[in-house]
Colleague: 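Could you have a look at this structure, given as structure tokens, before my questions?
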Amino acid sequence: MSQQPGLKIRRLQVLLAGVFSQVICIGIARFSYTPLLPVMQEQSWLGDIEGGWLAAVNYAGYMAGALLAASLSDLNVKDRLYRIGLVLAVVTTLLMAVTENFWLWALLRFLSGLSSAGSMLIASALILNWLIRHGHRSELGIHFAGVGIGIMVAALFVELMLQLGQNWQQQWLWFGSLAIVLAFPAWRWLPRPASVNVSGSSTPIKDMPPTRKFMWLMLTAYFCAGYGYVISATFIVTIVERIPALSGMGAMTFAVVGLAAAPAVMNWDLIARRIGYLNALLMAYSLQIVGIILPTFFHSLEVALFSALLFGGTFIGCVSLVLTMAGRLYPSKPAKLMGKMTISYGAAQMIAPALTGILAEKTGHYDLGLWLAGGFVAVGTVLIFWLKMTDPTAQALDDEGKLQTA
């Protein structure tokens with residue numbers, strides 16, 4: 001019993017390493033582009049089409065990282081790639097400030113997307129594996145809180161830098177400097193696999209392979225979620241800033257997304273324990289549809305903030321629920337199924353921003369892009385309902401999740 005306080009501190013450090021990696025690789029390297037996009041469009045030559053393509057390239061990098069994660073089984077290789085991802089996130093963020101060449105920007109956004117897969121997938125797998133092997137509950141709520149915290153950091157940091165008169169290049173440099181500081185705990189607190197001493201009391205690991213029907217329907221539903229998520233995640237600040245009555249409120253709206261996202265995973269973990277994973281996903285998808293399309297009807301600040309709350313409170317919940325399901329199905333090698341799911345999610349993220357940028361350039365607004373995004377999430381909701389009603393793997397997952405009450 002004397003080791004319990006030390007074990008609790010170690011668990012907290014492991015989880016915080018994941019949080020800091022999410023802030024660096026997701027919040028800074030990836031999502032800082034969202035509040036910086038209107039600033040870059042105002043201060044450089046960047047237009048809607050080019051902005052959409054840069055977002056698409058970033059998600060292509062993320063998908064390449066997902067493919068790599070899906071092919072890995074060696075924990076030591078995963079650990080090395082996780083640490084390379086931290087370095088990539090810092091370097092690509094800093095280098096965004098030193099060029100205005102589209103192709104160099106595209107390369108940097110691709111590499112930053114690659115780094116974000118290291119935080120989202122490889123770190124998730126390493127942390128989940130560590131938790132399971134040390135007898136802790138296999139949930140990633142604290143880890144994924146880093147996404148919401150990172151979004152808040154990105155939004156508030158941009159607003160602060162604008163108040164201080166910093167241009168878009170200086171802001172990228174400040175983001176890179178912040179990433180350097182946060183990289184130290186993210187690097188040091190995640191144990192290297194070779195140093196993990198698993199005791200004889202560790203929890204035995206047993207896989208629960210899903211049916212083919214479960215795989216195909218869940219992959220398709222997750223593709224739909226990816227399409228819906230990426231439009232708001234990429235363009236929400238620009239959308240708000242282009243509404244005359246809301247000019248200057250884009251960063252605040254994005255901060256609200258992060259504020260809602262930070263506790264969302266833990267909230268959805270609790271909801272899933274009570275009603276099951278598939279019911280929780282149905283609820284999250286349905287609320288996300290409302291959050292996506294609401295700004296097409298009303299242009300008030302209250303509606304924009306409510307939409308941001310709904311979006312922030314659901315998108316990361318969808319991700320964590322799906323990835324946690326993957327971890328429960330394959331606890332011995334969670335990154336493999338996590339990678340496949342994220343490939344589906346990432347494929348939509350490559351298509352949607354470029355298409356939405358083209359539509360916005362032609363129409364002068366983002367309403368059509370938002371309706372398409374809401375429509376995709378609606379299709380995903382129907383697929384999850386079908387899965388819940390007809391597939392034994394879905395029922396087994398729900399039963400297994402509800403049993404884990406400790």
Side-chain angles (χ1 to χ4, degrees), residues 1-27 69 72-87 89-90 115-150 153 179-206 262-270 273 316 319-320 323-324 326-328 330-335 338 401 404-406:
M1 297 295 292
S2 61
Q3 292 183 339
Q4 283 301 105
L7 289 174
K8 288 181 180 178
I9 292 171
R10 191 60 175 141
R11 174 179 175 272
L12 181 61
Q13 286 183 321
V14 170
L15 291 172
L16 285 177
V19 169
F20 287 124
S21 75
Q22 295 277 46
V23 174
I24 296 164
C25 299
I26 305 294
L72 297 175
S73 57
D74 189 296
L75 286 176
N76 289 295
V77 174
K78 292 178 190 176
D79 180 75
R80 285 194 291 273
L81 289 176
Y82 162 76
R83 297 173 198 281
I84 290 170
L86 293 176
V87 175
V90 170
S115 78
S116 63
S119 171
M120 183 66 79
L121 289 176
I122 295 175
S124 300
L126 289 169
I127 290 168
L128 192 61
N129 186 276
W130 189 92
L131 291 172
I132 291 171
R133 289 186 181 279
H134 288 79
H136 299 293
R137 186 176 174 84
S138 54
E139 288 180 345
L140 294 169
I142 294 176
H143 173 65
F144 284 113
V147 176
I149 295 169
V153 167
I180 291 172
V181 173
L182 297 177
F184 284 98
W187 184 290
R188 290 179 59 85
W189 288 352
L190 188 64
R192 292 183 182 272
S195 68
V196 175
N197 182 20
V198 182
S199 68
S201 62
S202 62
T203 304
I205 294 178
K206 182 181 179 181
V265 175
M266 289 173 276
N267 293 339
W268 287 108
D269 279 344
L270 292 173
R273 275 189 232 175
I316 193 61
V319 172
S320 71
L323 295 188
T324 301
R328 293 199 191 283
Y330 285 104
S332 69
K333 43 183 184 297
M338 285 179 176
Q404 291 198 16
T405 58

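Positions are given from 1, in the same order as the sequence printed here. Reckoned from all heavy atoms, side chains included, excluding hydrogens, waters and symmetry mates.
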Colleague: Would Asp79 and Arg83 pass as an ion pair if we require N to O under 4.0 Å?
Modeller: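 A salt bridge links Asp79 with Arg83.
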Colleague: Could you tell me which non-hydrogen atom of Gly85 sits nearest to which non-hydrogen atom of Cys25, and how far apart they are?
Modeller: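 Nearest heavy atoms, Gly85 then Cys25: O-SG, 4.0 Å.
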Colleague: Yes or no on side chain to side chain contact (heavy atoms under 4.5 Å, CB included) for Val87 and Trp187, after CA distance, side-chain angles and deciding distance?
Modeller: CA-CA 10 Å; Val87 175; Trp187 184 290; 4.2 Å; yes
Colleague: Give the minimum heavy-atom separation between Ala17 and Pro185, together with the two atoms involved.
Modeller: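 Closest pair (atom of Ala17, atom of Pro185, distance): CB-O, 4.0 Å.
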Colleague: Kindly indicate, with the supporting measurements, whether the criterion side chain to side chain contact (heavy atoms under 4.5 Å, CB included) is fulfilled by Val19 and Leu15.
Modeller: CA-CA 6 Å; Val19 169; Leu15 291 172; 5.6 Å; no
Colleague: Can you name the closest pair of heavy atoms from Arg10 and Trp189 and give their distance?
Modeller: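 Here Arg10 and Trp189 meet closest at NH1-O, 3.6 Å.
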Colleague: Working to the nearest 0.5 Å, report the span between CG of Asn267 and CD1 of Ile316.
Modeller: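 If I round to the nearest 0.5 Å, the distance is 12.5 Å.
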Colleague: Which heavy atom of Ser21 sits nearest to which heavy atom of Ala186, and what is that distance?
Modeller: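 That closest heavy-atom pairing would be N-CB, 3.9 Å.
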Colleague: CG of Leu190 to OH of Tyr82: how many Å apart, nearest 0.5 Å?
Modeller: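 Spacing of CG (Leu190) from OH (Tyr82) equals 5.0 Å.
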Colleague: Go through the steps for Leu75 and Lys78 under the test side chain to side chain contact (heavy atoms under 4.5 Å, CB included), then give the verdict.
Modeller: CA-CA 5 Å; Leu75 286 176; Lys78 292 178 190 176; 4.1 Å; yes
Colleague: Identify the two heavy atoms, one from Ala179 and one from Ile24, that lie closest to each other, and give their separation to 0.1 Å.
Modeller: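 Nearest heavy atoms, Ala179 then Ile24: O-CD1, 3.8 Å.
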Colleague: For Leu270 and Met266: C-alpha separation, side-chain torsions, deciding distance, then whether side chain to side chain contact (heavy atoms under 4.5 Å, CB included) applies.
Modeller: CA-CA 6 Å; Leu270 292 173; Met266 289 173 276; 5.8 Å; no
Colleague: Closest approach of Pro191 and Val14, non-hydrogen atoms and distance?
Modeller: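 Closest approach of Pro191 to Val14, heavy atoms only: CD-CG2, 3.6 Å.
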